[in-house]
Amino acid sequence: MRYLVLGAGALGGYFGSMLIRGGADVTFLVRPARATQLRRDGLIVKTQDGDELRTQVKVVQRGQLDGSYDVVLLCCKAYDLDPAMDAIAPAMSSGSAIVPLLNGVRHIDVLKEKFGPERVLGGLTIINAALMADGSIQQSQLRINLTAIGELDGRLSSRCTAIKTALEAGGIPVQISESILVLMWEKFFGFTCNAAIASLTRSRAGAIAQAAEGASFVSAVIDECTRVVTALGHPPLPAFNSAAQISGLFSQASSTYGPSMLIDMEDGRPTEGEHTIGDLVERAAQASVSAPLLTAARCNLQTYEINRGGSK
Ligand SMILES: NC(=O)C1=CN([C@@H]2O[C@H](COP(=O)(O)OP(=O)(O)OC[C@H]3O[C@@H](n4cnc5c(N)ncnc54)[C@H](OP(=O)(O)O)[C@@H]3O)[C@@H](O)[C@H]2O)C=CC1
Ligand SMILES: CC(C)(CO)C(=O)C(=O)O
């Protein structure tokens with residue numbers, strides 16, 4: 001199978017590198033600066049086990065695609081989704097499958113509309129990696145490594161099995177889920193809680209744990225998000241115990257944990273606020289469910305974008 005990875009950032013670089021390690025045929029579709037860097041330095045991935053992989057990779061830029069690909073791993077941030085879809089369009093044949101690994105859920109409808117539902121799989125991952133200033137990809141020590149893919153209609157398919165086999169050959173364990181959208185909503189719930197807590201306080205977990213009102217604020221955000229997703233028909237699954245895990249994350253005084261939304265703000269980058277918290281606020285409004293804390297978090301992210309000038 002031919003794999004095209006859109007974006008050689010944290011997620012694309014990590015997944016692409018592991019696919020290559022497992023023997024897959026992988027090409028990266030990247031923008032000019034990243035293409036230059038990859039051709040010069042190779043793709044460098046530092047894993048949480050202390051391994052450093054340096055791989056010479058095949059790189060193409062928009063407009064240079066050499067035909068269609070069987071699988072497109074979509075690994076851009078949500079605010080880059082529209083140009084990313086335009087860039088991968090020439091790679092799509094009737095048999096191509098897109099595996100999006102973005103946080104949130106809104107992109108699934110956008111991709112189905114653009115490419116047709118039969119070409120879109122569901123997907124999620126928790127690997128916690130970051131693209132460093134020198135172009136290398138560093139996986140953090142947060143050892144919650146979980147990746148799941150699945151057909152949106154829940155059927156078991158040979159293409160999901162083939163993708164799982166290819167990723168596992170490179171060392172990424174993959175679950176094939178018959179209810180991938182349920183899992184995506186579970187992750188969306190956790191992501192939104194973490195992002196709202198950390199972005200409203202502009203703080204890492206340790207400072208929130210030390211604040212006198214920290215625990216009650218964390219609990220209020222979790223309660224509101226639980227109420228909203230439940231009203232929308234996607235209640236948190238008891239088996240995941242997400243609420244307790246989120247409380248635990250923000251209860252350790254020495255923790256340096258911060259979700260990607262906070263780290264993007266600390267670094268002055270754009271955020272995925274509208275795609276995630278904004279999306280949940282809009283869905284809550286459509287269902288007439290009140291969401292004051294999420295609305296405050298959304299407003300906070302919107303003013304952050306205004307203050308940073310709105311450029312990338
Ligand atoms: N990092 C993580 O551990 C996890 C991330 N996620 C989600 O995965 C998604 C990707 O995150 P992450 O990998 O961290 O983000 P990064 O910013 O590290 O990487 C995104 C990459 O996409 C590239 N890109 C964007 N648009 C295009 C385009 N049109 N053509 C080519 N390349 C493009 C960017 O290129 P350029 O360098 O040119 O800007 C960038 O390198 C997000 O939705 C995130 O929330 C989910 C789970 C875990
Ligand atoms: C690690 C996790 C699940 C929650 O923080 C995440 O996806 C993120 O921060 O982007």
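Each residue takes its place number in the sequence, starting with 1. The basis for the numbers below is simple: all heavy atoms, side chains too, and nothing from hydrogens, waters or symmetry mates. Both counts, for ligands and for their atoms, begin at 1 and track the order of listing. Predicted model, so just to flag it, every value in this text is computed and none were measured.
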For this session: Quickly, which of Lys114, Glu113, His107 forms a side-chain contact (heavy atoms from CB on, under 4.5 Å) with Met85? Name it, please.
Result: Lys114
Exercise. Under 4.0 Å from ligand 1, counting heavy atoms only, is it the side chain of Ser260, its backbone, both or neither?
Worked result: neither
Exercise. Which of the atoms in ligand 1, numbered in the order shown and given with their element, are less than 4.0 Å from a heavy-atom of Leu29?
Worked result: 31 (C), 32 (N)
Problem set entry | Side chain to side chain, Glu186 and Pro236, heavy atoms closer than 4.5 Å | yes
For this session: Would you check if there is a donor-acceptor pair between the side chains of Asp49 and Thr47 at a distance under 3.5 Å?
Result: no
Exercise. Going by the order shown, which atoms of ligand 1 are within less than 4.0 Å of some heavy atom of Asp80?
Worked result: 25 (C), 26 (N)
For this session: Heavy-atom contacts with Leu101 under 4.0 Å: which atoms of ligand 1 show up? List them by number with element.
Result: 7 (C), 8 (O), 46 (C)
Problem set entry | salt bridge (Lys or Arg N to Asp or Glu O under 4.0 Å) between Glu178 and Arg155, worked out | CA-CA 6 Å; Glu178 293 173 52; Arg155 74 183 190 282; over 6 Å; no
Exercise. Are Arg31 and Asp80 within salt-bridge range, i.e. N to O under 4.0 Å?
Worked result: yes
Problem set entry | Per-atom contacts, ligand 1 versus Val30 - under 4.0 Å to a heavy atom | 31 (C)
For this session: Could you list which atoms of ligand 2 come closer than 4.0 Å to a heavy atom of Pro259?
Result: 5 (O), 9 (O)
For this session: Answer side chain, backbone, both or neither: which part of Leu6 comes under 4.0 Å from ligand 1, heavy atoms only.
Result: side chain
Exercise. Between the main-chain N or O of Gly135 and the side-chain N or O of Arg34, is there a donor-acceptor pair closer than 3.5 Å?
Worked result: yes
For this session: Check each atom of ligand 2 against the heavy atoms of Tyr257 and keep those under 4.0 Å away; list them by number with element.
Result: 4 (C), 5 (O)
Exercise. When you measure from atom 9 (C) of ligand 1 to every protein heavy atom, which one gives the shortest distance, and what is it?
Worked result: Cys76 O, 3.4 Å
Exercise. Do Ser242 and Gln245 have side-chain atoms, one donor and one acceptor, less than 3.5 Å apart?
Worked result: no
Seminar exercise, completed: atom 19 (O) of ligand 1 has as its nearest protein heavy atom Gly9 CA, 3.3 Å
For this session: Please check if any side-chain donor atom of Ser93 sits under 3.5 Å from a side-chain acceptor atom of Ser96, or the reverse.
Result: yes
Exercise. Salt-bridged, Asp41 to Arg54, with N to O below 4.0 Å?
Worked result: no
For this session: May I ask you to identify the nearest protein heavy atom to atom 13 (O) of ligand 1, giving residue, atom name and distance to one decimal place in Å?
Result: Leu11 N, 2.8 Å
Exercise. In ligand 2, which numbered atoms sit nearer than 4.0 Å to a non-hydrogen atom of Asn194?
Worked result: 4 (C), 5 (O)
For this session: Please verify whether a non-hydrogen atom of Met261 lies at under 4.0 Å from ligand 2.
Result: no
Problem set entry | Subset of ligand 1 atoms that lie under 4.0 Å from at least one heavy atom of Ala129 | 1 (N), 2 (C), 3 (O)
Exercise. Identify the closest protein heavy atom to atom 37 (O) of ligand 1: which residue and atom is it, and at what distance?
Worked result: Arg34 CB, 4.5 Å
Exercise. Less than 4.0 Å between a side-chain N and a carboxylate O, is that true for Glu266 and Arg204?
Worked result: yes
Exercise. Do side-chain atoms of Thr36 reach the backbone of Pro32 as a donor and acceptor pair under 3.5 angstrom?
Worked result: yes
Exercise. Looking at Ser260, which atoms of ligand 2 are within less than 4.0 Å of one of its heavy atoms?
Worked result: 8 (C), 9 (O), 10 (O)
For this session: Give the numbers and elements of all ligand 1 atoms closer than 4.0 Å to a heavy atom of Asn128.
Result: 3 (O)
For this session: From the options Gly104, Cys75, Ala8, select the one whose nearest heavy atom is closest to atom 20 (C) of ligand 1.
Result: Cys75
For this session: Considering heavy atoms of the protein only, find what lies nearest to atom 7 (O) of ligand 2 and give residue, atom and distance to 0.1 Å.
Result: Asn103 ND2, 3.3 Å
Problem set entry | Residue selection (non-hydrogen contact nearest atom 28 (C) of ligand 1) among Arg31, Lys77, Lys187 | Arg31
Exercise. So, do Thr125 and Phe15 sit near enough that their side-chain heavy atoms are less than 4.5 Å apart?
Worked result: yes
Exercise. Should you measure from each heavy atom of Lys187, which atoms of ligand 2 turn up under 4.0 Å away?
Worked result: 3 (C), 7 (O)
Problem set entry | Asp264 vs Tyr304, side-chain contact (heavy atoms from CB on, under 4.5 Å): CA-CA, chis, key distance, verdict | CA-CA 11 Å; Asp264 285 340; Tyr304 161 82; 5.6 Å; no
For this session: Check ligand 1 against Ala84 and write out every atom of the ligand that is under 4.0 Å from a heavy-atom position of the residue.
Result: 29 (N)
Exercise. With a 3.5 Å cut-off and no angle check, do the side chains of Gln302 and Glu274 form a donor-acceptor pair?
Worked result: yes
Exercise. At under 4.0 Å between heavy atoms, which part of Phe188 makes contact with ligand 2: side chain, backbone, both or neither?
Worked result: neither
Exercise. Nearest heavy atom to atom 45 (O) of ligand 1: which of Gln61, His275, Glu272, Met261 does it belong to?
Worked result: Glu272
Seminar exercise, completed: Separation between CZ (Phe189) and CG (Leu237), nearest 0.5 Å, reads 10.0 Å
Seminar exercise, completed: The protein heavy atom nearest to atom 16 (P) of ligand 1 is Ala10 N, 4.0 Å
For this session: Evaluate salt bridge (Lys or Arg N to Asp or Glu O under 4.0 Å) for Arg298 paired with Asp279, printing each intermediate quantity in order.
Result: CA-CA 9 Å; Arg298 184 188 199 186; Asp279 182 35; over 6 Å; no
Problem set entry | Heteroatom proximity flag, Asn103 to ligand 1, N/O under 3.5 Å | yes
Exercise. Taking both backbone and side-chain atoms of Asn128, is any N or O found less than 3.5 Å from an N or O belonging to ligand 2?
Worked result: no
Exercise. Among protein heavy atoms, which lies nearest atom 23 (C) of ligand 1, and at what distance?
Worked result: Gly7 CA, 3.7 Å
For this session: Report, in ascending order of atom number, the atoms of ligand 1 lying under 4.0 Å from any heavy atom of Leu131.
Result: 18 (O)
Problem set entry | Cationic N near anionic O, under 4.0 Å, Arg159 to Glu151 | yes
